[in-house]
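Presented below is the structure to which this report refers.
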Amino acid sequence: MSATPTPLEPRTRDADRSQLIILDSAREEFARHGLAGARVDRIADRAGVNKRLIYYYFDSKDGLFLAVLEQSYLDIREAEKQLHLSELPPAQALRRLTEFTWDYYLAHPEFLTLLNSENLHRGTHLAQSGKVREMNSPLIDTLAEILERGRAEGLFRGGVDPLQLYVSIAGMAYFYLSNQHTLAAVFGRDLMTPKALHERLSHMCEVVLGYVLRS
């Protein structure tokens with residue numbers, strides 16, 4: 001027989017809901033204006049809450065920015081779990097992770113702008129977060145397991161660092177999309193046409209698999 005809900009449970013659910021609404025509003029504000037240009041007043045107006053409630057939950061604008069970053073990393077890591085990479089053949093798993101990373105960055109440009117803003121601040125907010133390190137470690141462990149399976153099957157060469165490989169996968173997508181405007185101006189090509197995007201993803205997959213597969 002289930003326990004009778006205590007009076008605190010509805011209040012807790014309301015608080016959780018309010019925080020999620022604030023985080024969604026803050027993500028949009030920080031993505032549009034960066035940390036320096038973001039205004040808590042605008043976040044409060046968009047969320048439909050009193051500004052004091054934001055400070056109650058998150059202490060400061062910097063605290064709110066960190067919470068947005070943590071939630072953004074949680075979102076992408078949770079989406080990655082749905083890929084079930086450990087259940088796929090090694091080469092297919094690497095291709096799937098590469099495709100997912102590209103598609104996720106395309107669908108969530110705000111994630112890239114948040115990272116840009118945090119890099120301008122030298123990662124000082126994320127450096128304070130134990131949550132982000134805990135969220136990212138399982139992905140690297142999974143990638144290490146995929147690489148070892150591929151090596152044991154004679155498909156992959158040995159000595160591939162899973163962290164370096166993931167940085168390369170993320171970096172190939174991140175640099176292209178974050179610098180699309182300057183690259184287009186410099187090379188005189190529209191890099192965001194469907195054909196260009198398809199070519200980029202194909203190139204990324206070829207680079208990743210070409211690196212790990214035994215010749």
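One-based numbering along the sequence shown. Note that these values count all heavy atoms, side chains included, but never hydrogens, waters or copies made by symmetry.
- Val132 is listed as a side-chain neighbour of Asn136, based on a closest heavy-atom distance under 4.5 Å.
- Ring geometry for His121 versus His125: interplanar angle over 60°, hence perpendicular rather than tilted (30 to 60°).
- Between the CZ atom of Phe30 and the CZ atom of Arg39 there is a distance of 10.5 Å, given to the nearest 0.5 Å.
- Residues Leu23 and Phe58 form a side-chain contact, since some pair of their non-hydrogen atoms from C-beta on lies under 4.5 Å apart.
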Any chance you could lay out the side-chain contact (heavy atoms from CB on, under 4.5 Å) test for His181 and Val186, step after step, and finish with the verdict? CA-CA 9 Å; His181 302 295; Val186 169; over 6 Å; no

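- Nearest heavy atom pair, residue Glu118 against residue Leu126, reads OE2-N, 2.9 Å.
- Between Ile169 and Leu165, the closest side-chain pair of non-hydrogen atoms falls below 4.5 Å.
- With Arg77 contributing its side chain and Ser72 its backbone, the two residues share no donor-acceptor pair below 3.5 Å.
- Nearest heavy atom pair, residue Ala38 against residue Glu29, reads CA-OE2, 3.4 Å.
- With a 4.5 Å cut-off on side-chain heavy atoms, Met135 and Leu74 count as touching.
- Stacking of Arg149 on the aromatic ring of Phe156 is not recorded, the 6.0 Å distance cut-off and the 45° axial limit not both being met.
- Taking 4.5 Å as the limit, some side-chain heavy atom of Lys51 sits within range of a side-chain heavy atom of Tyr55.
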Under the criterion side-chain contact (heavy atoms from CB on, under 4.5 Å), I'd like the reasoning laid out for Ile76 against Thr101: C-alpha separation, chi angles, the key distance, then a yes or no. CA-CA 9 Å; Ile76 188 172; Thr101 303; 5.8 Å; no

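- At a threshold of 4.5 Å between side-chain heavy atoms, the hydrophobic network of Ile, Leu, Val, Met, Phe, Trp and Tyr places Val40 and Ile21 in two separate groups.
- Each of Glu87, Glu80, Lys81 was checked for a side-chain contact (heavy atoms from CB on, under 4.5 Å) with His84, and the lone residue meeting it is Glu87.
- Going from atom CD of Gln19 over to atom CD of Gln71 covers 10.5 Å, rounded to the nearest 0.5 Å.
- Side chain of Glu28 to main chain of Ser25: no donor-acceptor pair is present (N/O by atom type, distance under 3.5 Å, no hydrogens or angles).
- Side-chain atoms of Gln128 come within 3.5 Å of backbone N or O of Thr124 as a donor-acceptor pair.
- Annotation: Arg189, atom CZ; neighbour count of heavy atoms from other residues, nucleotides and ligands within 6.0 Å does not exceed 12.
- Among all heavy-atom pairs drawn from Ala31 and Leu114, the shortest one is N-CD2, 4.0 Å.
- Rounding to the nearest 0.5 Å gives a distance of 4.5 Å between CG of Leu85 and CD1 of Ile146.
- Two residues are said to be in side-chain contact when any heavy atoms from C-beta on lie closer than 4.5 Å; Glu148 and Val160 fail this criterion.
- A continuous path of ILVMFWY side-chain contacts below 4.5 Å connects Val167 to Leu177, so both sit in one hydrophobic cluster.
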Before giving the answer on salt bridge (Lys or Arg N to Asp or Glu O under 4.0 Å), spell out for Glu134 and Lys131 the whole-Å C-alpha distance, their side-chain angles and the decisive distance to 0.1 Å. CA-CA 5 Å; Glu134 291 173 4; Lys131 292 181 181 179; over 6 Å; no

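- Annotation: side chain of Met204 is not in contact with side chain of Glu99 (no heavy-atom distance under 4.5 Å).
- With salt bridges taken as basic N to acidic carboxylate O contacts below 4.0 Å, none links Arg46 and Asp41.
- Between Phe100 and Ala79, the shortest heavy-atom contact is CZ-CB, 3.6 Å.
- Note that NE2 of His203 is 11.5 Å distant from OG1 of Thr98, once rounded to the nearest 0.5 Å.
- When all heavy atoms of Tyr176 and Leu191 are compared, the pair lying nearest together is OH-O, 2.6 Å.
- We find that Arg42 and Asp45 are not joined by a salt bridge, their nearest charged nitrogen and carboxylate oxygen being 4.0 Å or further apart.
- A donor-acceptor pair under 3.5 Å links the side-chain atoms of Thr182 to the main chain of Asn179, judged by distance alone.
- The distance from the OG1 atom of Thr113 to the NE2 atom of His108 is 12.0 Å, given to the nearest 0.5 Å.
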Would Leu66 and Ser129 count as a side-chain contact (heavy atoms from CB on, under 4.5 Å) here? Give the steps. CA-CA 8 Å; Leu66 174 56; Ser129 174; 3.9 Å; yes

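- Side-chain contact between Ser117 and Phe65 is present, with at least one heavy-atom pair separated by less than 4.5 Å.
- Leu35 and Leu120 are members of different hydrophobic clusters when ILVMFWY side chains are connected at heavy-atom separations under 4.5 Å.
- Classified by interplanar angle (parallel below 30°, tilted 30° to 60°, perpendicular above 60°), the ring pair Phe111/Tyr73 is perpendicular.
- Expressed to the nearest 0.5 Å, how far CG of Leu53 lies from CD1 of Ile22 amounts to 4.5 Å.
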side-chain contact (heavy atoms from CB on, under 4.5 Å) between Leu155 and Arg214: does it pass, once the steps are laid out? CA-CA 6 Å; Leu155 298 172; Arg214 295 184 63 173; over 6 Å; no

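- In terms of modelled atom types and a separation under 3.5 Å, the side chain of Glu145 and the main chain of Ser86 share no donor-acceptor contact.
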